[in-house]
Amino acid sequence: MDSGRWRRGAVSRGMLPLLALHAVNEYYRLPWKPPVTAGLLAANTLIYLRPSFLDSLLPFVDEVWFNPHLILKNKDIKRFFLSVFYHVDESHLVYNMMSLLWKGIQLETSMGSTEFASMAVALLGLSQGITLLLAKSLLVFFDYGRPYYSEYAVGFSGLLFAMKVVLNSHSENFTNVHGLIVPARYAAWAELILIQMFVPRVSFLGHLSGILAGVLYLKLKGSYSGLNPLTTIIRELTGLLRWPVRFIRSTFRLRRRRILGRGTVGGGERRSLSGTWRCQACTYDNSDWLSNCEMCGTSRSSESGGFLRQVSPRSRDLSLEELRRRRVERFG
C-alpha cells in the first residue's frame, strides 16, 4: 500500500511488458493454471491502464483513496474496498503484481481456487478493517491522527503481507528478505521493518494491518471447525456461473456422433440420417448415391419406395473379426 499523489496519464516505462512476459512464462510451465490469481492480476492491471471501454465505468483514484477520516465520516464503502486495486505508478503496480504472482500461484495451487478466493476476500476485509481500527485508536487514545487518520493510500501490498503470513505460517525453513536471512514465518515482520526504513513514503499502518489480518485469519480458521461460509457462497456462485456452460456441453455431447469417412457407424437401429441409408450387415451409414455399402460391400435394393438391405454372398460369410479388420484397414 502506497501513499502519495496520483499522476494521471502515466506512460509505461517498459515494466508492464516484462510483467506480462513473466506471467505468461510462469503460467505456461504450470500443468494447472490458477484462475483466481490470473483474475486478480488482470483486474489490477486493467484498472491501472484504464482502457477506453472501462474508462467511463472506473472511478478515479481521487474517489477511492483509502482515507480513514473520509471513510468513517461519509461511510464510504467504495474507498474501503476499491483502494486495494489502485496503484500510484507503474513500478508500484509491477512490484505488487510480481509478488502476487509468486504468492498467489503457491496458495491457490495448494488450497484450491474456491478456498483461495474466499481467503482473499476475508483478508481484504480484515486488513482494511484493522487499518481503520488502528488509525481511529491512535487518534482517540493518543491524539495521534495526522500521520495515519488523515493519510491517503492505495495498493495491493496490505493484502500481500497478509498472504505472506498465511503462506509461511507452517514453514520451518529460512528465507532471504532483502539480503537478511530470517525464519520464513517471521519474514513478513522483517520485510515490514526493512521496507519502512528504505521506502518511508509507503503506508506502514496498511502493511502492519495486513500482517495482523493474516495472523487473525489463521487464528479464526484454526478455531473454527466448520466449513468457511465464504467458501460455500463462492462455490455456489461459481456453480451458478458454470451451469450454462455445463448445459451447452451436455447438449452437444448427446448429439455427438462418431464420424468416419463419408458416413457414420451406429447401432443396430433402422433409422438413418437424411440422405443416407444404413447397411443391415455392418450398420454403416452410406450416402444415397451409393448402391453398395462402402464398408462391407453389401448391396442395396428398393421395393415399394422403401429400402431393403440385401446381404451379398461375399459379405454374408464375413466374420465379425474380418469386418473389424476391414474397417481398420479402410479408415485407420
Side-chain angles (χ1 to χ4, degrees), residues 1-2 12 15-59 61 64 66 77-88 90 92-128 154-167 210 213-214 217 228-246 248-249:
M1 188 171 285
D2 204 337
S12 173
M15 299 179 71
L16 281 176
L18 291 177
L19 171 64
L21 183 63
H22 182 65
V24 169
N25 181 59
E26 286 292 316
Y27 268 77
Y28 177 76
R29 66 181 181 83
L30 292 173
W32 177 72
K33 323 299 181 187
V36 178
T37 301
L40 289 173
L41 284 166
N44 281 273
T45 305
L46 285 173
I47 287 174
Y48 175 77
L49 293 175
R50 295 184 70 92
S52 57
F53 66 92
L54 288 177
D55 189 61
S56 60
L57 301 175
L58 294 173
V61 72
V64 299
F66 187 90
I77 301 300
K78 182 169 60 178
R79 292 180 184 271
F80 185 89
F81 288 107
L82 294 186
S83 57
V84 172
F85 301 99
Y86 282 72
H87 292 82
V88 172
E90 188 178 13
H92 185 208
L93 171 73
V94 171
Y95 181 84
N96 280 351
M97 293 303 99
M98 295 285 274
S99 180
L100 171 62
L101 185 66
W102 181 72
K103 296 178 178 72
I105 286 175
Q106 293 186 75
L107 286 169
E108 189 172 355
T109 302
S110 64
M111 64 175 54
S113 296
T114 305
E115 186 70 26
F116 177 71
S118 68
M119 182 200 70
V121 173
L123 291 178
L124 189 155
L126 287 172
S127 62
Q128 300 289 75
V154 289
F156 208 79
S157 52
L159 197 55
L160 292 172
F161 270 92
M163 288 183 181
K164 194 181 190 84
V165 171
V166 176
L167 180 63
Y217 174 82
N228 186 342
L230 275 175
T231 302
T232 306
I233 293 171
I234 292 174
R235 185 176 289 121
E236 291 298 326
L237 289 173
T238 305
L240 287 174
L241 292 174
R242 287 178 179 172
W243 180 84
V245 178
R246 290 200 302 267
I248 294 171
R249 283 180 178 175

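Counting from 1, the numbers follow the sequence of the chain as shown. Note: hydrogens, waters and symmetry copies are ignored here, and every other heavy atom, side chains too, is used.
- For the atom pair CG (Leu41) and CZ (Phe156), the distance works out to 8.5 Å, reported to the nearest 0.5 Å.
- A heavy-atom distance below 4.5 Å is not found between the side chains of Phe116 and Val166.
- Side-chain atoms of Asn44 come within 3.5 Å of backbone atoms of Leu40 as a donor-acceptor pair (strictly under, hydrogens ignored).
- For Phe161, the ring pair (Phe, Tyr, Trp, His ring centres under 6.0 Å) partners are His207, not counting sequence neighbours.
- The side-chain hydrogen bond (donor to acceptor under 3.5 Å, both in side chains) check on Thr37 picks up Glu108, with sequence neighbours excluded.
- Under the side-chain hydrogen bond (donor to acceptor under 3.5 Å, both in side chains) criterion, Asp55 pairs with Arg50, not counting sequence neighbours.
- The closest donor-acceptor contact from the side chain of Tyr217 to the backbone of Ala162 lies at 3.5 Å or more, if one exists at all.
- Residues satisfying the side-chain contact (heavy atoms from CB on, under 4.5 Å) criterion with Pro51, sequence neighbours excluded, are Leu46, Leu49, Phe53, Leu54.
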For residues 97-106, please give each side-chain donor-acceptor pair under 3.5 Å, one per line with the distance, not counting sequence neighbours.
{"from": "Ser99", "atom 1": "OG", "to": "Lys103", "atom 2": "NZ", "distance (Å)": "2.4"}
{"from": "Gln106", "atom 1": "NE2", "to": "Trp102", "atom 2": "O", "distance (Å)": "3.3"}

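- Not counting sequence neighbours, the partners of Leu124 by the side-chain contact (heavy atoms from CB on, under 4.5 Å) test are Phe81, Val84, Phe85, Gln128, Leu159.
- In terms of the side-chain contact (heavy atoms from CB on, under 4.5 Å) criterion, residue partners of Ala117 (sequence neighbours excluded) are, by chain and number, Val36, Ile234.
- Each salt bridge (Lys or Arg N to Asp or Glu O under 4.0 Å) pair with one or both residues in residues 31-44, not counting sequence neighbours, would appear here, but there are none.
- Residues passing the side-chain contact (heavy atoms from CB on, under 4.5 Å) test with Tyr95, sequence neighbours excluded: His178, Glu191, Ile195.
- Within the 3.5 Å criterion, the main-chain N or O of Glu90 finds a donor-acceptor partner in the side chain of Tyr48.
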